[in-house]
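The chains referred to below are lettered A, B, ... by the order of the sequence lines, with proteins before strands, and numbering in each begins at 1. These numbers come from the heavy atoms of this one structure, side chains and all, not from hydrogens, waters or symmetry mates.
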Amino acid sequence: MSALKAVQAVRSGRIDATRVRAVVRKEITDYRRNRFILGTMTVLPIVFLVNPIINIFAAPTSLTRSALDARVGSTMLFLLLVPVILPATISATSIVTEREQGTLEPVLTTPVRSEELLIGKALAALIPAAALAYAMLGVFLLAVKLFAHQQIADATLEGPRILAQVLFVPLLAGWAIWAGIAVSVRADDVRVAQQLGTLASLPPLAITALMAFNVITPTFRLAVLFAVGLLLLDAGAYRLIAPMFDRERLITARRSK
Amino acid sequence: MTRVQEDPVLVVDKLTKTFGSRTAYSDVSFTVGRGEVFGFLGPNGAGKTTTVRSLGTLITPTSGRATVAGIPLEAANAVEIRKRIAIMTEAPGLYGRLSVTENLQYFVGLHHLSNGAERIKNALEAVNLSDRARDTCNSLSKGLRQRVGLARTLLNDPEILFLDEPTSGLDPVAARGVHDLISGLRDRGVTIFFTTHRLAEAEALCDRVAILNTTLRTIGNPSELREQLFNKGLTVTTAAPLPDPDRVFTGLPGVESWDADGTAAAAYHLAVSDPAVAAPEVVRALVHAKADVLSVGESRHSLEDVYLELVNEDVEASRR
C-alpha cells in the first residue's frame with residue numbers, strides 16, 4: 001500500500017485512526033521510560049550537534065566560496081545523521097522486542113490491522129526523531145547567525161540549503177524507519193536487528209554525502225529530484241514491508257500457508 | 001435440545017493444521033454452546049495452543065472449517081472475529097514500564113472502544129486490582145500480572161473468552177483467585193474456552209472437556225467421560241487380607257469380577273453392574289466370612305484417570 005493509498009484507506013475507514021493513535025501514544029510513553037532509548041536520544045543529538053558547530057567555527061575565513069560551500073555541506077550532513085540513525089535504532093527494535101517480551105501476541109489478538117500497527121510504530125519513531133533533528137538544526141543555525149563570521153554565516157544560511165535540510169529530515173527518517181521495521185519484522189534477535197537496521201538506513205545518506213562533498217553538484221532541481229525519489233522510496237518500502245508482517249510467522253516463526 | 005445444539009457460539013469442523021511435515025492438530029471437530037465453560041486438555045505439544053491461535057485468527061488452518069462467534073473463520077473475517085473474542089495468552093505479555101491502567105488504555109484504543117475509563121474501572125474491579133491501577137506492571141507479582149491479563153480480556157465484553165493455561169506457573173492461592181474469576185465470568189454468561197494441564201481445575205470449572213492429543217480423543221462432561229471409560233465399581237477395605245477372597249466375591253449378585261488393589265494390602269476392587277444392588281450383597285458376604293470390614297464404597301474415578309487412560313493409550317499405540 002502506498003502512502004497515498006494509506007491515506008485513502010484512513011478516509012474510507014479501512015485504517016482506523018484511533019488504533020493508530022493508540023499505538024503512537026503507547027510507543028512514545030514507553031520510549032520516555034526506556035533508558036536505552038532516552039540515552040540514545042540524549043547522547044546522539046549532543047554528539048552530532050557539537051561536532052558540526054566545532055567544524056563550522058573552525059573553518060578559516062580565507063577559504064574560497066566553493067571550498068566553503070563544501071565545508072558547510074559536509075558540516076550540515078552531520079545534522080542529517082540523527083534523523084537516520086535514531087529512528088533506525090528505534091524502529092529496528094520495535095517488533096522484535098515485542099516478540100521477545102511476549103507482548104506482540106496479545107496485540108495481534110485485537111482487531112488492530114497490520115497496517116495500523118506499522119503506521120503507528122513508524123509515526124512513533126518519526127515524531128521524536130524529526131523533533132530532535134529540527135531542534136538541532138535550529139540551534140545550529142542560531143549559533144551560526146549569532147557567533148559565526150559573516151562569510152561563513154552567509155554560506156550556511158542560504159534558503160535552498162535550509163529548505164533541503166528541512167525537507168530531507170522526514171524523508172531520510174521515513175526511509176530509515178521502514179528499513180528498521182523491515183529488519184525488525186524478520187529478525188529474531190534485538191542486537192542483530194539494531195545493527196542491520198542502522199546499516200540498511202544508510203544508503204540514501206550516501207547520496208546526500210555526495211552532494212554535500214560536491215561530487216554531485218547540488219542544485220535546487222537535483223535536491224527536489226532526490227526528495228521526490230526518497231518519497232517514492234518511502235512509499236515503495238512500505239509496499240514491500242506491509243506484506244512481510246506475517247502474523248503466523250511472527251508468532252510461530254513459521255511462514256503461513 | 002441442549003444449550004450446545006440450541007445456541008452454538010463456536011463450531012469447529014474437521015480443522016487441521018500442519019507445519020511442513022509436522023501435524024499440530026488434525027481433524028478436530030467440536031461445538032461449544034453460549035455461556036458454556038469448555039476445557040481443552042492435552043499433554044504438551046498436543047496442539048491446544050495452536051488450536052486457540054487458529055480460532056483466534058492468528059494462525060491459518062490448513063484445512064477444515066470453523067465458525068467463531070457466528071462468523072466463518074476466514075482471513076477476510078479476521079478483524080470482525082477479533083472484535084468479538086478475547087484471548088489471554090499463557091504469558092500475560094504486559095508492557096512492564098507502563099502502569100496497569102496504561103496497559104489497559106492501550107488495548108481500549110486497539111479495540112476502538114468507547115467509555116474506555118468506565119471499561120477499565122469495571123475490568124479492574126472484576127479482578128480486584130483497582131488499588132494497583134497506577135503501579136507499573138514490572139512491580140507486580142506473577143499472579144497479579146495474570147490478573148491484569150485477565151482484566152485486559154474483559155475490556156471488549158467478548159462473546160468468547162479464550163484462556164490459554166491461565167493458571168500456569170501460579171501458586172495455589174493465585175490459581176484459586178483465577179478460578180474464582182472464571183466462575184464469576186461463567187455466572188455473567190461469558191463463554192469460556194480454556195486450556196489447562198490442571199485436571200482438577202478442569203473438573204471443577206468446566207461444563208464439558210475435550211481431550212486433545214493431536215487428534216481429539218474424547219469430549220463430554222467429566223462424569224460422562226468417567227462412565228464411558230470406566231466400569232462401575234466398589235472398593236472394599238478390610239482390616240486384614242481375606243484368606244480366600246475369590247470365595248467371598250465370586251458369584252455374588254451384581255458383581256462381575258474382582259481384583260486386589262495393588263496400593264493397599266487388604267483392599268479389593270469389584271466391577272459391578274449396579275453399585276446399589278451389589279453393595280448390600282458384598283457387605284453380607286463379608287460379614288458371613290467374618291471379615292473386619294473397614295469400608296465399602298463406590299469407586300470414584302477422577303478426570304485425571306480419564307486423561308491418563310486416553311493419553312497412555314496413545315503412548316502405547318505409538319510404541320507399537
More than 12 heavy atoms of other groups within 6.0 Å of A/F245 CZ: yes
Spacing of B/T49 atom OG1 and A/I251 atom CD1 [to the nearest 0.5 Å]: 11.5 Å
Heavy-atom pairs under 4.5 Å with chain B, option from A/L108, A/T103, A/V112 with the top count: A/T103
Heavy-atom contacts under 4.5 Å, residues 126-139 of chain B to chain A: none
Any residue of residues 140-158 of chain B which, by heavy atoms, sits under 4.5 Å from chain A: B/R152
Side chains of A/V23 and B/L110 in contact at under 4.5 Å (non-hydrogen atoms): yes
Verdict with reasoning, A/T29 to B/E102, per side-chain contact (heavy atoms from CB on, under 4.5 Å): CA-CA 9 Å; A/T29 308; B/E102 286 166 339; 4.0 Å; yes
Inter- and intrachain pairs under ring-ring contact (aromatic ring centres under 6.0 Å, His included), touching residues 76-106 of chain B, at least two apart: B/Y95-B/Y106
Among the listed options B/M88, B/K83, B/R53, the residue most often paired with chain A at heavy-atom distances under 4.5 Å: B/R53
From CA spacing to verdict: side-chain contact (heavy atoms from CB on, under 4.5 Å), A/T109, B/F162: CA-CA 10 Å; A/T109 65; B/F162 292 93; over 6 Å; no
Heavy-atom side-chain proximity of B/L58 to A/E248 below 4.5 angstrom: no
Closest approach of B/G93 to A/P106 (non-hydrogen atoms, all atoms of both residues): O-CG, 4.0 Å
Pair A/K26-B/N103, side-chain contact (heavy atoms from CB on, under 4.5 Å): steps then yes or no: CA-CA 8 Å; A/K26 188 280 289 177; B/N103 267 277; over 6 Å; no
Heavy-atom closest contact (A/T110 atom, B/H111 atom, distance): CG2-NE2, 3.8 Å
Nearest-0.5 Å distance, CZ of residue A/R247 to CD1 of residue B/I59: 12.5 Å
A/R25, part contacting chain B, at a heavy-atom distance under 4.5 Å: neither
Part of A/L117 lying under 4.5 Å from any heavy atom of chain B: side chain
Pairs meeting criterion ring-ring contact (aromatic ring centres under 6.0 Å, His included) with involvement of residues 48-73 of chain B, two or more places apart: none
Sub-4.5 Å side-chain heavy-atom contact between B/H112 and A/R21: no
